[in-house]
Amino acid sequence: MLLWVLVSALLVRAAGFYLPGLAPVSFCEPGKDQSTIELFVNRLDSVESVLPYEYTVFDFCSENTEKRPSENLGQVLFGERIEPSPYKFEFKKPAVCQKVCTKTYDTNIQADKAKLDFLKKGMSLNYQHHWIVDNMPVTWCYDVEEGQKFCNPGFPIGCYVTEQGRPKDACVVNSNFNEKDAFYIFNHVDITIHYHVVEHEQLGARLVAAKIEPKSFENTNDDSPDCSGVPKFLKNKHTGAFKISYTYSVNFVEDKNIRWASRWDYILESMPHTNIQWFSIMNSLVIVLFLSGMVAMIMLRTLHKDIARYNQMDSVEDAQEEFGWKLVHGDVFRPPRKGMLLSVFLGSGTQIFIMTFVTLFFACLGFLSPANRGALMTCAVVLWVLLGTPAGYVAARLYKSFGGEKWKTNVLLTAFLCPGVVFADFFVMNLILWGEGSSAAMPFGTLVAILALWFCISVPLTFIGAYFGFKRAGIEHPVRTNQIPRQIPEQSFYTKPFPGIVMGGILPFGCIFIQLFFILNSIWSHQMYYMFGFLFLVFIILVITCSEATILLCYFHLCAEDYHWQWRSFLTSGFTAVYFLVYAIHYFFSKLQITGLASTILYFGYTMIMALIFFLFTGAIGFFACFWFVTKIYSVVKVD
């Protein structure tokens with residue numbers, strides 16, 4: 001009972017803010033119901049660092065009296081920390097230069113100096129605020145090339161002008177930011193809230209956009225700020241007292257064109273490379289479908305001729321002159337070396353495949369949209385936990401067909417080997433995050449909860465699956481296996497294992513690398529990913545391409561009388577993960593601006609987890625495609 005309560009709690013929390021069909025919030029004028037608009041703050045992050053930090057770490061104005069909203073598992077894993085802020089507005093009640101708080105520092109006091117140094121570090125690394133109004137990101141919209149606007153769901157805390165007078169990051173937007181070796185602090189924000197009046201329904205209005213413009217003012221009187229004067233800056237080598245007054249102005253604009261249901265569109269449409277992505281994906285799909293058609297056509301025509309020729313051999317002389325893949329019919333189902341490890345990998349790969357398919361399917365339906373924060377990761381983790389049964393069943397069934405008898409070792413390895421490697425890597429990364437004081441560090445309680453999900457739900461379900469897998473009769477093969485193994489002739493360079501494996505991963509990687517760029521952008525450059533329909537299509541194309549590439553190479557190896565296809569088929573499509581790893585390294589050096597040892601270790605640590613998951617997933621696709629192919633072709637030829 002306790003186990004199901006745990007899962008139910010996670011699923012309820014995974015619902016996040018709103019799923020499709022839930023009623024939106026309507027706001028009324030002051031004096032009526034629901035007139036107060038609350039602004040929530042999220043963790044701050046940077047494209048130059050993997051380490052996100054909580055809002056309060058930077059010593060901004062904070063609200064200590066209210067409870068924080070609860071985060072779901074996905075939000076905790078991604079380091080999101082949403083909390084209330086002192087920024088509160090009354091609907092349709094504009095405000096000008098409202099003081100939030102004044103922070104006073106003295107560099108002679110060690111604690112104050114540490115706070116100022118951390119604030120300067122945040123500005124030098126271009127850390128960004130992420131504010132939320134009515135479950136919608138507060139965006140900073142500015143002009144980019146060709147007169148287009150880019151709406152960033154975050155805005156910087158400040159910027160830095162170097163000792164040579166070169167403005168960095170956001171300092172380029174204002175020519176008055178010209179003090180050398182100085183940090184300019186965005187201590188004032190102009191907030192514009194767009195609303196749409198609901199007609200023919202309940203009274204009130206719905207918020208459809210929240211935009212912000214960060215500014216910097218050196219107020220003449222910090223205790224009573226007037227939001228005027230030159231920009232506020234902090235010299236890098238400043239000593240003595242320093243005051244920062246935080247202020248805001250808010251304005252309300254009615255927008256009759258944007259409906260509540262499409263209020264995210266202006267953010268998504270302004271994302272960079274959106275048009276390029278559409279063209280690139282379509283181009284990639286056309287190439288992959290063309291190659292897949294060619295592979296399928298060659299395979300069907302060649303195989304059809306082979307089978308017809310083999311089945312027409314009636315005389316003994318003909319039978320003695322057998323050639324090609326029929327020669328190895330007595331060895332093709334010989335159990336592979338290290339069958340235990342292969343069966344464990346295939347069980348975990350099946351678990352990941354089903355998890356990915358179901359997660360992407362739900363994402364296509366809109367349940368895991370960017371508005372539903374953390375739902376994608378929560379859905380994936382919960383599905384992985386509940387899919388222990390297929391993993392145990394597949395591993396046990398294949399291990400039994402390989403002639404294995406150590407069923408206890410098999411089920412224990414299935415339950416603990418691959419998840420254990422992922423957890424160990426994740427735990428080491430978490431220790432680094434703890435040491436750096438990052439908000440992405442998983443709290444101890446959540447770590448215990450994940451271990452409880454693994455040990456109390458996933459492991460028992462894996463045992464149940466393994467029990468049914470071992471209980472069933474072994475897989476019947478269409479041909480008998482000879483007692484004495486056949487000698488494999490000398491192979492040419494192209495039919496040797498390693499060149500075939502290396503070549504096999506190229507085609508599957510070719511169909512995903514464009515999507516991979518946008519996925520890595522969403523993870524490391526904090527851009528929104530929302531094109532799950534295309535991603536699902538690319539996922540299907542990846543499955544088809546992995547299967548066809550592996551079958552094609554498997555056919556060539558069987559024709560060369562090499563019957564060791566089991567590990568080769570797994571590694572051929574699994575080698576796509578090696579190309580993924582190489583691409584991730586290229587992406588790190590060419591696209592990212594990450595600095596610092598901790599951030600670099602974290603990037604490659606998390607990339608190794610992704611590569612391992614991708615290896616198991618693609619490897620399982622290749623093996624099962626090849627297994628089906630080999631079973632099919634040997635079941636349709638006459639073997640004496």
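What you see below is based on every heavy atom in this structure, not just the backbone, and it leaves out hydrogens, waters and symmetry mates. This is a predicted model, so every value here is computed, not measured.
Side-chain contact between Lys237 and Thr239 is absent, with no heavy-atom pair separated by less than 4.5 Å. With a 4.5 Å cut-off on side-chain heavy atoms, Leu433 and Leu51 count as touching.
At least one donor-acceptor pair under 3.5 Å links the side chain of Ser216 to the backbone N or O of Lys232. Side chain of Thr139 to main chain of Lys211: no donor-acceptor pair is present (N/O by atom type, distance under 3.5 Å, no hydrogens or angles). Formation of a donor-acceptor pair under 3.5 Å by the Ser522 side chain with backbone atoms of Ile519 is found in this model.
Ile132 pairs in a side chain to side chain contact (heavy atoms under 4.5 Å, CB included) with only one of the listed residues (Val41, Asn42, Leu39), which is Asn42.
Because its NZ or CZ atom is not both nearer than 6.0 Å to the ring centre of Phe177 and within 45° of the ring axis, Lys168 does not count as a cation-pi partner of that residue.
Taking the six-membered ring for Trp, Tyr248 and Tyr87 have ring centres closer than 6.0 Å. Taking the centre of each ring, Tyr603 and Trp524 come in below the 6.0 Å mark. Ring centroid separation for the pair Phe252 and Phe91 comes in under the 6.0 Å cut-off.
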Full working for side chain to side chain contact (heavy atoms under 4.5 Å, CB included) between Tyr55 and Leu44 | CA-CA 6 Å; Tyr55 178 82; Leu44 285 84; 4.1 Å; yes

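Contact detail for Lys121 and Tyr53: the closest heavy-atom pair is NZ-OH, 4.0 Å. Considering all non-hydrogen atoms of both residues, Val189 and Pro214 come closest at CG1-CA, 4.3 Å. Closest approach of Met442 to Val76, counting heavy atoms only: CG-CG1, 4.2 Å.
Taking the six-membered ring where tryptophan is involved, the planes of Tyr606 and Phe426 are tilted, since the angle between them lies from 30° to 60°. Between Phe604 and Phe589, the angle of the ring planes lies from 30° to 60°, which puts this pair in the tilted group.
With no hydrogens or angles considered, no side-chain donor-acceptor pair links Glu163 and Asn236 at under 3.5 Å. Inspection of the Asn521 and Tyr587 side chains reveals an N or O donor paired with an N or O acceptor under 3.5 Å. A donor-acceptor contact under 3.5 angstrom links the side chains of Ser49 and Tyr127, judged on distance only.
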